[in-house]
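What follows is a single structure, written as structure tokens, with notes after it.
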Amino acid sequence: LWVKGLLDDALEALRHHEELYENLVAQFPDTPRYRRGSAIGMKNTGVLLAEKGLFEGAEEKLRSSLELCERLAADFPSVLEYGQMLAETYGMLGNLYAKVGRQQQAAEEYHRMLIRMDKLVAAFPDLPELLNSLAWNLANCPHLEVRDAQRAVELAGRAVQHAPRIGNYWHTLGVAH
């Protein structure tokens, strides 16, 4: 629906998704996959609301998603996906703030994203997709103050060493230079 430009229909479907997962989380609060589903639904709703220009609602949904992601990452620190979701949501919140001219808040969220990604790379140092993701963000973060080209080159180089046949990693290395 979203891809077809049917934003109102997509928003309705996402709200239904959120309601379903809110009920599941209420009934089964210790089941992480329901909390994950709820966080994803809120995040997607926030992104769609931002696309529609409804920034206050978008911020509220992204903040709610962020709270769930923070709890999941804290409760399950060895689950890579939850840490990635948390980093991604920080980045999306940064993008939202940048879009509405709240540059200081954008920089803070981008900084939080990079700190979380650093922690993931420290915990999983040999995963090329993590190395590449952090390198890409260090080379291309919309907020120039948090960029670190030298570190991006080092991380992208490590990703290429681990998986030399993945063209995307070479692309990141080239962009970082």
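The analysis underlying the following values was restricted to heavy atoms, covering all of them including side chains, and did not include hydrogens, waters or symmetry mates.
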All heavy atoms of L173 vs all of V153, minimum pair found to be CD1-O, 3.6 Å
State plainly whether one hydrophobic cluster holds both L62 and V25, where clusters connect Ile, Leu, Val, Met, Phe, Trp and Tyr through side-chain heavy atoms under 4.5 angstrom apart.
-> no
Evaluate the side-chain proximity of C69 to Y82: yes if any heavy-atom separation is below 4.5 Å, no if none is.
-> no
Just by modelled atom types, is the E60 backbone N or O under 3.5 Å from a matching donor or acceptor in the S64 side chain?
-> yes
For the side chain of Q103 and the backbone of A98, is there at least one donor-acceptor N/O pair under 3.5 Å apart?
-> yes
Ion pair check, E154 and R158, cut-off under 4.0 Å = yes
Donor-acceptor contact present, side-chain S38 to main-chain Y34, <3.5 Å | no
Can you list the steps and then say if L130 with M117 is a side-chain contact (heavy atoms from CB on, under 4.5 Å)?
-> CA-CA 8 Å; L130 281 180; M117 293 179 82; over 6 Å; no
Heavy-atom closest contact (A39 atom, S65 atom, distance) | O-OG, 2.8 Å
Which heavy atom of S78 sits nearest a heavy atom of F124, and at what distance?
-> O-CZ, 3.7 Å
H17 atom NE2: more than 12 heavy-atom contacts under 6.0 Å = yes
Are L93 and M113 side-chain neighbours, meaning at least one heavy-atom pair lies under 4.5 Å?
-> no
Roughly how far, to the nearest 0.5 Å, is the CD1 atom of I40 from the CG atom of L14?
-> 11.5 Å
Could you give the distance from CG (L131) to CD (Q161), rounded to the nearest 0.5 Å?
-> 9.5 Å
Taking the side chain from R112 and the backbone from Y90, do they hold a donor-acceptor pair closer than 3.5 Å?
-> no
Non-hydrogen side-chain atoms of V79 and L72 separated by less than 4.5 Å | no
Are V146 and E109 close enough, and set up right, to give a side-chain contact (heavy atoms from CB on, under 4.5 Å), and what steps lead you there?
-> CA-CA 10 Å; V146 297; E109 298 304 331; over 6 Å; no
Heavy-atom pair of closest approach, residues A176 and A149 = O-CB, 4.0 Å
Is K43 salt-bridged to E18, going by a charged N under 4.0 Å from an acidic O?
-> no
Donor-acceptor contact present, side-chain S133 to main-chain E129, <3.5 Å = no
R147 and L138: CA distance, side-chain angles, deciding distance, side-chain contact (heavy atoms from CB on, under 4.5 Å) verdict | CA-CA 5 Å; R147 288 187 184 182; L138 287 168; over 6 Å; no
Quick one: does L24's side chain get under 4.5 Å of T31's, heavy atoms only?
-> no
Quick one: does L80's side chain get under 4.5 Å of L127's, heavy atoms only?
-> yes
4.5 Å side-chain heavy-atom contact, L68 and M42 = yes
Write down the atom of L155, the atom of A135, and the distance for their closest heavy-atom approach.
-> CB-CB, 3.8 Å
Neighbour count above 12 (heavy atom, 6.0 Å) for Q27 CD = yes
Spatial distance of atom CD (E22) from atom CZ (R15) [nearest 0.5 Å] | 11.5 Å
Check whether any side-chain N or O of W170 sits under 3.5 Å from a backbone N or O of P164 as a donor-acceptor pair, and report yes or no.
-> yes
For E19 and N23, run side-chain contact (heavy atoms from CB on, under 4.5 Å): C-alpha distance rounded to whole Å, both residues' side-chain angles, the deciding distance at 0.1 Å, then the answer.
-> CA-CA 6 Å; E19 183 180 325; N23 290 333; 4.1 Å; yes
If you round to the nearest 0.5 Å, how far is CG of L114 from CG of L134?
-> 6.5 Å
How far does SG of C141 sit from CG of D148, to the nearest 0.5 angstrom?
-> 11.5 Å
Donor on one side chain, acceptor on other, Y97 and E59, under 3.5 Å | yes
Side chains of M85 and E81: does their closest heavy-atom pair fall under 4.5 Å?
-> yes
Side chains of N95 and Y110, donor plus acceptor under 3.5 Å | yes
Where A156 and T172 come nearest, the two heavy atoms and their spacing | CB-CG2, 4.0 Å
Rounded to the nearest 0.5 Å, the CD atom of Q84 sits from the OG1 atom of T89 at a distance of 11.5 Å
When you check the gap from the basic side-chain N to the acidic O, do K4 and D9 get nearer than 4.0 Å?
-> no
F76 with L120, same ILVMFWY side-chain cluster at under 4.5 Å = no
